[in-house]
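All values derive from a computational prediction rather than experimental measurement.
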Amino acid sequence: MYYSDDIIEQVRTDNDILDVIGDYVKLQKKGSSYFGLCPFHNEKSPSFSVSPQKQMYYCFGCGEGGNVISFLMKYENYTFIEAMQVLAKRAGIELPQMEYSKEAKLEKDLKSKIIEINTEAAKYFHYLLKSDRGKTAYAYLKNRALSDETIVKFGLGYSDKYSNHLYQYLKSKGYKDQELRETGLFTFDEKKGVTDKFWNRVMFPIMDVNNRVIAFGGRVMGDARPKYLNSPETKVFDKSRNLYGLNVARSSRKNYLLICEGYMDVISLHQAGFQNAVAALGTAFTSRHALLIKRYADEVVLTFDSDEAGIKAALRAIPYLKDAGLAIRVLNMKPYKDPDEFIKNLGKEAYEKRIEEAVNFFIFEVGAEQSSYHLNDPQEKTKFYNKVAEMLLEFEDEMERQNYLEAVCDAYQIPKDGLSKLVRKKGLSYAGRTDTVINEEQKKSRKVKKEDAAVQTQRILLAYLLDRNQWFEKVAKILSPEDFIDPFYKKVAVLFWEQMQQGKANPAQIINYFEDEEEHKKVAELFVSPIQSDLSIGQLERAVNDAVYRIKKAALDYRAANVDNIAELQQIIKQQNELQKIHIQLD
């Protein structure tokens, strides 16, 4: 059986959507809704809206939408049951024991099986590292100054030089090809057979925050390419939702996290006593990584490589971290390339001092920009000052902008009065800008869904009637849910009619009756998309009457085309003739 409608609704209503999503997305109030950067696609202007009144979210950029349960399912890659369990625990609700549907049980069992196989593989890799076959890999780790304690702590291992050794081992344990295929650990080829993805590599098990092995990274022994290889994404592994070392770092007593570039940096820092180090998993830093960090810390110190690639990586990461509401500092590791190399040469105390001296992200950004100009040339210096002024205009709060202006002038010996005048001059147009949530460009770029006129009219009318009981009562005398031809909107109308007749619409609850993610989006779009607010009552009245006429006419035409009873057909024709006389007067 499934959870009852009552228990689903209790879990939903006891988890305020603003509080839950606020843990993931930095939101700002705009009118009656809250807006932030969408966690489901990369964007620079906030188009992700959360409505506390409707308890729904919707992104005007990518179309994602739903209620608090939908959000958790989408963001955390949870099944419905997993999302219910997390939200119930959050609200202190004890869920009744339930039997899984066949599909849900298969999904849950598959995820558990992948974790089980990964754990077995990690144990086997670790065993091989300590065996004669892993001597080269073990020597490599020892040469990197890793202790046996650290090797065990991170579960490091070795994948054999034979390209199907892990496959044969797991098959001997009774695992089936169908299960092994889902782990991403193997390549299945009709001609070549089954081969291991990882072979002759030092292995780094990747764990989620609950210490479950969800994937692997491997560093090759020899000259093969790629040098580092990561597991592909699976049912349990999403690179953008996980950080290497977070399972340990989240319990650190530090109030900040150290963000590194690679596995060895994290491991070296942990071994040196910096238990708050994490790294992205072989992919560029994303907004989801930043939001994940925000759950466990309010500040980050970027300790990326000091070469050009590392500087560029830091510059790409900063906007995501800033948008997530994190305080950001950047550590200078010169003359060494990375944390591992730095600590080996200068030690823990020197690294701690560098953390204390880490500069604010904006000072770092200006420094990176400065390297592009020849400041001995007056023309180049002027260009640099203009660029700094433009960068300062990114700070909308005047006091914050002034604080950064003073800091950057002190750091780079820029005349304060001159830069202040330059900022004011450039800010004339800036000050006149409006901070609109959805600008015209976003509207143009938004994916337009092609709906026929009847379906579009059904959608518009439902949106007009939301929370307008007095309008609904008048419309309901003419229309019923049976007049909605489209099956999806008919189901929504049935639920909506029931709610309105009970006195109040509850669109977030309507989502509970739909299982498909696309349907969640459609319901959210229906009830969250803004109706044009500058219409007069006369214009609204014409719009509602037009919608009622079109829906009723389409329903009658459909019934007339499919009726096989003369008496009923005569009744339909009579209703069609009377349709022209219908007019609803809005208050």
Side-chain angles (χ1 to χ4, degrees), residues 8 11-12 14-28 33-43 46-52 54-91 104 107-108 111 206-210 212 214-215 233-243 246-247 250 278 280-281 283-297 320-321 323-326 508 511-512 514-525 528:
I8 293 172
V11 169
R12 187 192 65 76
D14 284 6
N15 284 277
D16 184 80
I17 195 167
L18 194 61
D19 292 339
V20 174
I21 294 183
D23 289 340
Y24 298 85
V25 181
K26 183 182 179 182
L27 298 169
Q28 289 186 324
S33 296
Y34 289 75
F35 284 81
L37 294 173
C38 181
F40 304 121
H41 80 288
N42 290 331
E43 61 178 5
S47 59
F48 180 82
S49 69
V50 180
S51 170
K54 299 169 186 174
Q55 288 293 297
M56 300 177 75
Y57 72 91
Y58 183 74
C59 176
F60 294 99
C62 69
E64 291 291 345
N67 60 17
V68 68
I69 302 173
S70 307
F71 178 85
L72 218 57
M73 289 172 66
K74 177 70 177 178
Y75 188 91
E76 296 286 8
N77 197 27
Y78 286 156
T79 63
F80 172 77
I81 293 165
E82 289 170 336
M84 281 287 292
Q85 291 170 342
V86 169
L87 290 172
K89 184 178 180 180
R90 184 181 184 277
E107 179 81 2
K108 182 175 183 295
K111 288 184 176 181
I206 297 168
M207 300 184 187
D208 64 12
V209 292
N210 297 311
R212 302 179 304 175
I214 56 174
E233 295 193 348
T234 66
K235 293 282 187 182
V236 300
F237 178 50
D238 183 337
K239 293 177 184 178
S240 67
R241 298 171 191 257
N242 293 278
L243 290 164
L246 187 60
N247 57 312
R250 72 180 186 130
V278 299
L281 295 160
T283 185
F285 201 89
T286 68
S287 59
R288 289 189 179 182
H289 288 133
L291 293 168
L292 180 60
I293 289 169
K294 182 62 177 173
R295 293 191 222 172
Y296 303 102
Y320 296 122
L321 294 163
D323 290 335
L326 288 156
I511 290 178
N512 295 343
F514 295 91
E515 296 182 9
D516 183 73
E517 184 179 315
E518 290 302 314
E519 291 177 330
H520 288 184
K521 295 179 187 178
K522 287 173 70 175
V523 176
E525 180 185 25
V528 177

Asks: About how many Å separate CD1 of I214 and NZ of K235, when rounded to the nearest 0.5 Å?
Replies: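 CD1 of I214 is found 15.5 Å from NZ of K235.
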Asks: Restricting to salt bridge (Lys or Arg N to Asp or Glu O under 4.0 Å), what partner residues turn up for D208, sequence neighbours left out?
Replies: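 For D208 the salt bridge (Lys or Arg N to Asp or Glu O under 4.0 Å) partners, ignoring immediate neighbours, are R212.
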Asks: Going by salt bridge (Lys or Arg N to Asp or Glu O under 4.0 Å), name the residues that satisfy it together with D238, two or more places apart in sequence or in a different chain.
Replies: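 So D238 forms a salt bridge (Lys or Arg N to Asp or Glu O under 4.0 Å) with R241, R288.
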Asks: Give me the atom names and distance for the closest heavy-atom approach of T286 to S240.
Replies: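 Heavy-atom minimum between the residues: OG1-CB, 3.9 Å.
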Asks: In residues 62-73, what donor-acceptor pairs under 3.5 Å come from side-chain atoms, sequence neighbours left out?
Replies:
unit_1, atom_1, unit_2, atom_2, d
E64, OE2, K74, NZ, 3.3
E64, OE2, K521, NZ, 3.2
N67, OD1, I69, N, 3.1
N67, OD1, S70, N, 3.0
N67, OD1, S70, OG, 3.0
N67, ND2, A508, O, 3.0
N67, ND2, N512, OD1, 3.1
S70, OG, N67, N, 3.4
S70, OG, H520, ND1, 3.0

Asks: Who passes side-chain hydrogen bond (donor to acceptor under 3.5 Å, both in side chains) against Q55, sequence neighbours left out?
Replies: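 Applying side-chain hydrogen bond (donor to acceptor under 3.5 Å, both in side chains) to Q55 gives D16.
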Asks: Is there side-chain contact between Y34 and I21, with heavy atoms separated by less than 4.5 Å?
Replies: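 No; the side chains remain at least 4.5 Å from each other.
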Asks: Partners of K294 by side-chain contact (heavy atoms from CB on, under 4.5 Å), sequence neighbours excluded?
Replies: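 For K294 the side-chain contact (heavy atoms from CB on, under 4.5 Å) partners, ignoring immediate neighbours, are D298, L326.
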Asks: Relative to the ring of F40, is the ring of Y57 parallel (under 30°), tilted (30 to 60°) or perpendicular (over 60°)?
Replies: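 Rings of Y57 and F40: tilted, as their planes differ by 30° to 60°.
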Asks: Starting at CG of L243, measure out to CZ of R250 and round the result to the nearest 0.5 Å.
Replies: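 Reported to 0.5 Å precision, the distance equals 13.0 Å.
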Asks: Just verifying a value: how many Å separate E519 CD and K522 NZ, rounded to the nearest 0.5 Å?
Replies: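 E519 atom CD to K522 atom NZ measures 7.0 Å (nearest 0.5 Å).
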Asks: Please identify each residue that fulfils side-chain hydrogen bond (donor to acceptor under 3.5 Å, both in side chains) with D323, with sequence neighbours left out.
Replies: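 Result, side-chain hydrogen bond (donor to acceptor under 3.5 Å, both in side chains) vs D323: none returned.
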Asks: Under the side-chain hydrogen bond (donor to acceptor under 3.5 Å, both in side chains) rule, collect the residues that match up with Y320, sequence neighbours excluded.
Replies: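 Counting only residues at least two positions away or on another chain, Y320 forms no side-chain hydrogen bond (donor to acceptor under 3.5 Å, both in side chains).
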Asks: To the nearest 0.5 Å, how far apart are OG in S51 and CG in L18?
Replies: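 So the OG of S51 and the CG of L18 are separated by 9.5 Å.
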Asks: Could you pull out all residues at least two apart from S287 that satisfy side-chain hydrogen bond (donor to acceptor under 3.5 Å, both in side chains)?
Replies: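 Here no residue qualifies.
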Asks: Can you give me the closest heavy-atom contact between H289 and A280, atom names plus distance?
Replies: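 That would be CE1-CB, 4.2 Å.
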Asks: Counting only N and O atoms by type, is there a donor-acceptor contact under 3.5 Å from the side chain of N15 to the main-chain atoms of L87?
Replies: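 Present.
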Asks: Distance check, rounded to the nearest 0.5 Å: F48 atom CZ versus K26 atom NZ?
Replies: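 Rounded to the nearest 0.5 Å, the CZ-NZ separation comes to 15.5 Å.
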Asks: Give the minimum heavy-atom separation between S49 and F60, together with the two atoms involved.
Replies: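 Heavy atoms of S49 and F60 come nearest at OG-CE1, 3.5 Å.
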Asks: Taking side chain as C-beta onward, heavy atoms only, is Q28 less than 4.5 Å from P46?
Replies: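 Contact flag for Q28/P46 side chains = no.
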Asks: Grab the two heavy atoms, one from F80 and one from I8, that are nearest each other, plus how far apart they are.
Replies: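 Where F80 meets I8 most closely, the heavy atoms are CZ-CD1, 3.8 Å.
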Asks: Taking all non-hydrogen atoms of both residues, which atom of A88 and which atom of V11 are closest, and how far apart?
Replies: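 Smallest interatomic distance, heavy atoms only, reads N-CG1, 4.0 Å.
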Asks: Which heavy atom of V523 sits nearest a heavy atom of I511, and at what distance?
Replies: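 In this case the closest contact between V523 and I511 is CG1-CG1, 3.5 Å.
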Asks: Does a side-chain heavy-atom distance below 4.5 Å link L246 with R295?
Replies: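 L246 vs R295: side chains apart.
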